[in-house]
Amino acid sequence: MTGAPASAAGGPSGARRAAAGPASGKAPGAAMGRGAARSAEGGAPGAAPSAGGSGAAAGDGSQSAVVDAQDDGKPARGGKLAAAAVNQASVWNVANLLTMLRLILVPAFVALMLADGGYDPVWRSLAWAAFAIAMITDLFDGHLARTYNLVTDFGKIADPIADKAIMGAALICLSVLGDLPWWVTGVILGRELGITLLRFVVIRYGVIPASRGGKLKTLTQGVAVGMYVLALTGWLATLRFWVMAAAVVLTVVTGLDYVKQAIVLRRQGIAERKAALEEKEA
């Protein structure tokens, strides 16, 4: 024997593996890495430096193999989800379709409410069904838009318009028919329109979040107006009076709370801008 190192025996086999790599479709860097690892396990001390160098090359080869595999393979799942989100966030998504449905239901509700003089129980029941569908869809379209990233500029504008339109149409029809005092309609619609305008005024300083009281107010208003749309008699007619009274109280209280929040938000915004200007000048 000539005393050749044990790693030399591994050298030809490693070379053969490296040569066989392209023929078998494997990445050359990965094949060299495996050959170097086996040579290192062969164990001669003199082979350690060459094994270390081969290990570094194997690391680079493995990384390039991974990159190549990603380039040649299917796109990442996150990319698909991002692309799907962009495609879904169009005007014709389910949230906006529900909003459009509410807008269409407004004239349909008015026609049903005023049909045959406005006092026929059958027509009033159909009008109530249209009103109920509109109020139920109002609960879902905003939730769907936020949950599935379907928020669009159209939805931001059309959703509050649809909300105010169906409620305003119901209140005005009830007052025209003499079922609801005009002052109640004026208080509710005045509050809704006023708060909407107030949000636009202070939007440069921030957004006024929806409160629990506001959500309770919306629910109470929907129930009260729905009960008035139906041709109820007896104790149910008395009950709807008190439900409407609760709705009016919540309308006023939450309206004042929004005004207070708007004033605080505006003051904070002005103070922050002033502090930013002073810091910039300093």
Side-chain angles (χ1 to χ4, degrees), residues 93-148 150 154-155 157-182 184-193 195-196 210-251 254:
N93 60 61
V94 63
N96 286 345
L97 289 176
L98 290 176
T99 301
M100 295 176 192
L101 175 62
R102 291 212 313 280
L103 290 171
I104 295 174
L105 284 174
V106 173
F109 167 82
V110 173
L112 293 170
M113 189 70 180
L114 300 179
D116 199 13
Y119 296 102
D120 188 289
V122 175
W123 290 112
R124 292 284 285 260
S125 298
L126 294 174
W128 177 86
F131 180 81
I133 293 173
M135 297 303 294
I136 291 172
T137 56
D138 182 32
L139 299 176
F140 288 103
D141 59 354
H143 175 73
L144 290 173
R146 291 186 297 270
T147 302
Y148 297 101
L150 303 178
F154 172 81
I157 298 174
D159 182 68
I161 292 176
D163 297 342
K164 305 301 182 292
I166 189 66
M167 182 60 69
L171 290 169
I172 291 174
C173 286
L174 290 172
S175 294
V176 168
L177 295 173
D179 293 340
L180 190 68
W182 277 104
V184 174
T185 298
V187 168
I188 295 177
L189 292 184
R191 185 269 189 197
E192 299 299 330
L193 296 176
I195 296 302
T196 301
S211 63
R212 293 183 178 180
K215 295 178 180 179
L216 180 61
K217 178 269 307 178
T218 302
L219 177 62
T220 308
Q221 280 184 359
V223 173
V225 172
M227 294 179 72
Y228 268 85
V229 170
L230 288 172
L232 300 178
T233 58
W235 67 273
L236 289 175
T238 303
L239 177 63
R240 72 182 182 182
F241 170 83
W242 291 107
V243 176
M244 180 60 75
V248 172
V249 171
L250 288 172
T251 297
T254 56

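Residue numbers count from 1 along this sequence. These values consider heavy atoms only, across backbone and side chains, with no hydrogens, waters or symmetry-generated copies.
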Next on the checklist: Measuring from atom CG of Leu193 to atom NZ of Lys164, what distance do you get when rounded to the nearest 0.5 angstrom?
Outcome noted: 8.0 Å

Next on the checklist: Show me the pairs that pass side-chain hydrogen bond (donor to acceptor under 3.5 Å, both in side chains) and involve residues 166-178, at least two apart or across chains.
Outcome noted: Ser175-Thr185

Checklist entry - What are the two closest non-hydrogen atoms of Phe140 and Leu98, and how far apart are they? => result CB-CD1, 4.3 Å

Checklist entry - Which residues satisfy the side-chain contact (heavy atoms from CB on, under 4.5 Å) test with Pro181, sequence neighbours excluded? => result Trp183, Val184

Next on the checklist: I need the full list of salt bridge (Lys or Arg N to Asp or Glu O under 4.0 Å) pairs touching residues 166-182, with sequence neighbours left out, sorted by first then second residue.
Outcome noted: Arg124-Asp179

Item to check | Smallest separation among heavy atoms of Ala169 and Val106, with atom names | outcome: CB-CG1, 4.1 Å

Checklist entry - Just how far is it from atom CD1 of Ile172 to atom CG of Leu189, taken to the nearest 0.5 Å? => result 5.5 Å

For residues 108-123, which side-chain donor-acceptor pairs fall under 3.5 Å, sequence neighbours excluded?
| residue | atom | partner | partner atom | Å |
| --- | --- | --- | --- | --- |
| Tyr119 | OH | Leu177 | O | 2.5 |
| Asp120 | OD1 | Val122 | N | 2.8 |
| Asp120 | OD1 | Trp123 | N | 3.4 |

Next on the checklist: Quick test of your reading: applying salt bridge (Lys or Arg N to Asp or Glu O under 4.0 Å), list the pairs with at least one residue in residues 96-114, sequence neighbours left out, ordered by first then second residue.
Outcome noted: Arg102-Asp138, Arg102-Asp141, Arg102-Asp159, Arg102-Asp163

Item to check | For Ile161, side-chain contact (heavy atoms from CB on, under 4.5 Å) partners two or more places apart | outcome: Leu103, Ile157

Output a table of donor-acceptor pairs, distance under 3.5 Å, between side-chain atoms of residues 223-246 and any protein atom two or more places apart or on a different chain; print 'none' if there are none.
| residue | atom | partner | partner atom | Å |
| --- | --- | --- | --- | --- |
| Arg240 | NH1 | Met227 | O | 3.4 |
| Arg240 | NH1 | Leu230 | O | 3.2 |

Checklist outcome for this item: Here the pair of heavy atoms bringing Met135 nearest to Gly222 is CE-CA, 4.0 Å

Item to check | Leu97 side, atom CG; Leu144 side, atom CG - distance, nearest 0.5 Å | outcome: 11.0 Å

Checklist entry - Taking all atoms of both residues into account, what is the closest heavy-atom pair of Ile166 and Leu105, and its distance? => result CD1-O, 4.4 Å

Item to check | Residue pairs passing the salt bridge (Lys or Arg N to Asp or Glu O under 4.0 Å) test where at least one lies in residues 215-231, sequence neighbours excluded | outcome: Glu192-Lys217

Checklist entry - Do Val187 and Trp182 have side chains that get closer than 4.5 Å, going by heavy atoms? => result no

Checklist entry - Thr254: what forms a side chain to side chain donor-acceptor pair (under 3.5 Å) with it, not counting sequence neighbours? => result Arg191

Item to check | Taking every non-hydrogen atom, the tightest pair across Ala134 and Thr137 | outcome: O-OG1, 2.8 Å

Checklist entry - How many angstroms lie between atom CG of Leu101 and atom CD1 of Ile136, to the nearest 0.5 angstrom? => result 11.0 Å

Checklist entry - When rounded to the nearest 0.5 angstrom, what distance separates CG in Leu250 from CG in Leu216? => result 5.0 Å

